[in-house]
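What follows is a set of notes on a single structure, which appears directly below.
Chain letters run A, B, ... following the sequence lines, proteins first, then strands; residues in each count from 1. No hydrogens, no waters, no symmetry mates; every other heavy atom, side chains included, goes into these values.
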Amino acid sequence: MKEMQTNWIGKSSGAEVDFEIKGQAQKLRVYTTRPDTIFGVDFMVVAPEMDLIHQIKSKEQEEAVAEYLGYVKSRSDRERMSEKKITGVFTGAYAINPFDGREIPIWVSEYVLAGYGTGAIMAVPCGDERDFRFAKHFNIPITNIIGHHFNGEEANATKEAVLENSDFLNGMVMKDALETAIQKIEEKGIGKRKINYKMRDAGFSRQRYWGEPFPVSWKNDVPFALDESVLPLELPYMDDIRHGEKGEGPLANNEVWMNSQVFAGGKAESSTMPGYAGSSWYFLRYMDPANEKEFCSRAASDYWGQVDLYVGGTEHAVGHLLYSRMWTKVLYDLGLIGFDEPFKKLLNQGMIQGSSRFVYRLHGTNTFVSKSLLNNEDEYEGKQLDKIHVDVNMVDGLELDTNAFVIWRNNEHAGAVFILDDGKYICGVETEKMSKSKFNTVNPDDLVYKYGADTFRMYEMFLGPVEMSKPWDTKGIEGVHRFLKKFWRLFFDEQKGKIWTDEKATSAELKVLHKTIKKIEEDTERFSFNTCVSTFMICVNELTDLKCHKKEILNPLLILITPYAPHIAEELYQQLNAIQTSETNSTVLDATFPKWDEKYIKESSKAYPVAINGKTRTELTLSLDITQPEVEALVLQDAIVQKWLDGKAPKKIIYVKNKMINVVM
RNA sequence: GCCCAGAUGGCGGAACUGGUAGACGCGUCAGACUCAAAAUCUGGUGUCCGCAAGGAUGUGCAGGUUCGAUUCCUGUUCUGGGCACCA
């Protein structure tokens with residue numbers, strides 16, 4: 001998560017170094033994260049957009065350079081990104097290595113980006129894969145400064161190698177040499193340490209209606225901030241929110257707004273702010289929503305403090321989390337709030353994935369082959385196959401409903417021919433992100449309708465640990481539903497109706513209740529919701545066995561289960577306590593969470609597993625305050641232990657209180 | 001390619017600090033209730049040998065540490081997610 005944010009900000013540390021250019025006053029400034037490799041520089045590369053090229057190019061290379069720049073211009077950004085062709089041209093100029101005076105050819109290539117660093121790099125082919133490929137492609141000799149770590153076949157970006165051919169860095173491990181090199185560069189006055197950032201998504205405007213309007217006024221193409229007295233600026237109501245004529249935001253169509261007095265003679269900005277503008281700080285506003293003077297009073301934010309828990313998937317790592325952290329830090333630096341991180345704790349819930357289904361079409365035909373007849377997914381009897389997503393709702397398990405498939409999406413596959421296996425068309429399966437384009441989405445409404453929201457909610461929790469991703473599968477939802485019905489039967493009987501009593505609970509019943517409270521408290525605390533559900537199941541099973549219908553037990557249990565099955569808990573709570581809706585404290589949500597008491601749970605003995613050489617052979621029930629010598633005596637008396645010892649004396653007997661006993665022979 | 005996460009029965013998973021592997025649920029098998037069905041209840045269910053008692057084996061794979069490893073260490077394979085010319 002931190003890593004994703006770091007990548008997004010694009011923080012990298014290294015140095016900027018100036019290289020003299022042979023026969024010219026100009027210098028070439030490069031940015032590198034690996035100054036330790038400065039003796040391995042075999043060529044320089046400048047981004048095609050840099051003006052410097054025209055100043056340094058030689059007469060002989062002028063034409064070639066012009067031709068290359070023309071070629072680069074003809075390519076779109078997308079092409080440059082997707083086709084990783086190795087292209088470039090020599091400028092005819094040479095840089096001078098400041099340490100050993102070596103002449104280094106300066107090239108131009110599109111693999112270097114103008115927008116990052118200085119738009120120029122020092123290329124070290126033995127340590128950087130891109131540089132290596134470039135050097136190979138243009139036959140530039142490669143200097144090896146890392147000895148056997150470089151095999152001549154591919155670059156090795158290690159920091160662990162001992163440097164060679166590196167003058168004053170010789171014999172040093174690279175990661176240590178890094179610091180030495182930077183110091184030397186600064187000493188010589190030819191460069192300095194530098195930390196670089198590259199925000200990937202810096203655009204802060206959207207051409208749409210919904211979003212906060214910008215509090216600026218445009219005058220002669222210059223934006224001026226509005227006076228604070230006219231804030232907050234509110235989005236005007238609009239019926240028609242189509243784009244403006246030139247693709248601007250919909251606000252552009254609202255003449256009255258665009259020229260409103262608020263903008264003091266200027267024009268409004270037609271774009272609005274992106275979603276994260278508001279989502280980055282709304283939790284602060286929630287602390288003091290009616291405040292007319294400021295976004296949130298310091299007293300309110302000091303009182304409420306940081307958000308205790310942030311639950312979100314990793315997909316929010318940069319979009320939302322990163323920006324709220326930034327907002328918070330800015331507000332903290334301004335002294336407007338007293339904390340510099342918005343959230344105390346982060347919980348990354350896993351993603352519910354889709355289980356996709358595929359059909360296989362013979363390329364260029366309307367014939368589909370059952371997966372079960374294929375040896376691989378690419379071809380069938382020498383013919384190429386197309387692997388196509390099908391709607392999971394037309395597939396029962398793995399078997400495709402071929403009739404539904406034919407009429408799917410307006411008879412798209414009318415006239416389809418199927419090559420079946422034993423009368424069935426078997427689909428391929430893959431687990432992927434749930435997405436409409438993959439036709440693997442399922443609608444939770446159907447399940448809520450059939451089983452109710454409590455069952456659905458509990459089943460989702462029962463699926464497994466929250467932070468784990470897994471494909472959606474409704475197998476097993478019946479089990480949770482049965483549990484809730486069984487829970488209900490502790491209160492109501494189909495014939496007799498209400499069956500709860502005011503009788504005093506037995507110690508066995510209290511034990512069940514209190515160990516449940518303890519476990520639910522602990523597991524909820526560590527977000528282990530799946531084990532909470534199973535704890536409730538165990539509790540209800542035990543109370544059913546005990547035929548316990550006592551209010552003394554059932555009432556605390558209802559409070560306990562409220563976060564897990566809120567609707568059923570509320571309903572039963574109201575009935576059990578004969579609450580009239582007009583009464584105060586009439587909801588289970590206002591009830592006090594039950595506390596467990598050690599005295600009901602405490603055990604005096606334990607059934608210890610007895611192992612011989614680590615393998616469990618029998619069990620011995622022993623008092624918890626028994627001593628080592630007592631244990632040894634009892635263990636040696638045991639018939640099964642004696643059988644395994646076969647007359648020999650054990651080497652030692654390991655006894656771990658409350659855990660186990662192991663006899664080593 | 002790089003980074004992160006995961007791998008345990010037929011299935012989802014449990015075992016929290018190294019201490020009875022498989023809790024709980026699904027599925028399945030057998031039985032009870034019923035004219036029948038639904039609902040509900042009882043019992044069995046990792047694999048292999050055995051009538052049983054019992055034994056062997058078992059947490060992706062190969063090693064290691066330990067009296068004892070799903071848990072710790074080294075290597076490796078597969079699956080999912082994210083990033084991807086950022087020097």
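Nucleotides rA87(B) and rU71(B) are separated by 42 Å at their C1' atoms, to the nearest Å. Spacing between rG6(B) and rC26(B) at atom C1', rounded to whole Å, works out to 22 Å. One C1' atom belongs to rU76(B), the other to rU42(B), and the distance between them is 48 Å to the nearest Å. Atom P of rU28(B) sits at a distance of 25 Å from the matching atom of rC49(B), rounded to the whole Å.
A salt bridge links Lys511(A) with Glu603(A): the closest approach of a Lys/Arg side-chain nitrogen to an acidic carboxylate oxygen falls below 4.0 angstrom. Under 4.0 Å is where a charged nitrogen must lie from a carboxylate oxygen, and between Glu179(A) and Arg193(A) at least one such pair does. A salt bridge is defined here as a Lys NZ or Arg NE, NH1 or NH2 lying under 4.0 Å from an Asp or Glu carboxylate O, and Arg29(A) with Glu16(A) meets this definition. A salt bridge does not link Arg617(A) with Asp638(A): none of the charged nitrogens is closer than 4.0 Å to a carboxylate oxygen.
Rounded to whole Å, the distance from CG on Leu490(A) to P on rU40(B) is 14 Å. In this entry the distance linking OH of Tyr564(A) with P of rC24(B) reads 19 Å, nearest Å. In this structure, the NZ atom of Lys194(A) is 13 Å from the P atom of rA87(B), given to the nearest Å. Distance CZ (Phe529(A)) to P (rA23(B)): 24 Å, rounded to an integer number of Å. Atom C1' of nucleotide rG25(B) and atom OH of Tyr459(A) are separated by 9 Å, given to the nearest angstrom.
Of all nucleotides present, only rC83(B) satisfies the Watson-Crick or G-U wobble test against rG1(B), with each distance under 3.5 Å.
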Notebook entry, point to check: Between Lys518(A) and Glu522(A), does a salt bridge (charged side-chain N to carboxylate O under 4.0 Å, His left out) hold up when you go through it step by step?
Noted result: CA-CA 6 Å; Lys518(A) 180 168 189 250; Glu522(A) 287 168 357; 3.7 Å; yes
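Counting non-hydrogen atoms under 4.0 angstrom, Ala607(A) reaches a base of the nucleic acid. Using a 4.0 Å heavy-atom cutoff across all strands shown, Trp644(A) reaches sugar-phosphate atoms only and no base atom. As judged by a 4.0 angstrom heavy-atom cut-off over every strand, Glu619(A) is placed among the base-contacting residues. Residue Glu467(A) is out of contact with every strand shown, counting any heavy-atom pair closer than 4.0 Å. Backbone-only engagement by Lys643(A) is indicated by non-hydrogen atom pairs under 4.0 Å involving sugar-phosphate atoms exclusively.
Checking each of Asp454(A), Val540(A), Leu543(A) against Phe487(A) for a side-chain contact (heavy atoms from CB on, under 4.5 Å) leaves exactly one that passes, namely Val540(A).
For Thr627(A), the side-chain contact (heavy atoms from CB on, under 4.5 Å) criterion is met by Pro629(A), Glu630(A), not counting sequence neighbours.
A residue-by-residue look at Pro609(A) and Lys615(A) shows that Pro609(A) has its nearest nucleotide of RNA chain B further toward the 5' end. Between Thr544(A) and Thr33(A), the one whose closest nucleotide on RNA chain B sits nearer the 5' end is Thr544(A).
When distances run from any side-chain atom of Glu430(A) to the nucleotides rA87(B), rA21(B), rG80(B), the shortest one goes to rG80(B). Distances were taken from every side-chain heavy atom of Arg526(A) (C-beta onward) to each of rA15(B), rG19(B), rA39(B); the shortest belongs to rA15(B). When the nucleotides rG19(B), rG81(B), rC24(B) are ranked by their closest atom to the side chain of Gln353(A), rG81(B) comes out on top.
In this entry the base of rG9(B) is syn relative to its sugar, with a glycosidic angle within 90° of 0.
A donor-acceptor pair under 3.5 Å links the side-chain atoms of Thr531(A) to the main chain of Ser528(A), judged by distance alone.
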All N/O contacts under 3.5 Å from nucleotides 6-13 of chain B to the protein, with atom names and distances to one decimal?
from, atom 1, to, atom 2, distance (Å)
rG12(B), O2', Leu463(A), O, 2.6
rG13(B), O5', Leu463(A), O, 3.3
rG13(B), O3', Asn530(A), ND2, 3.3

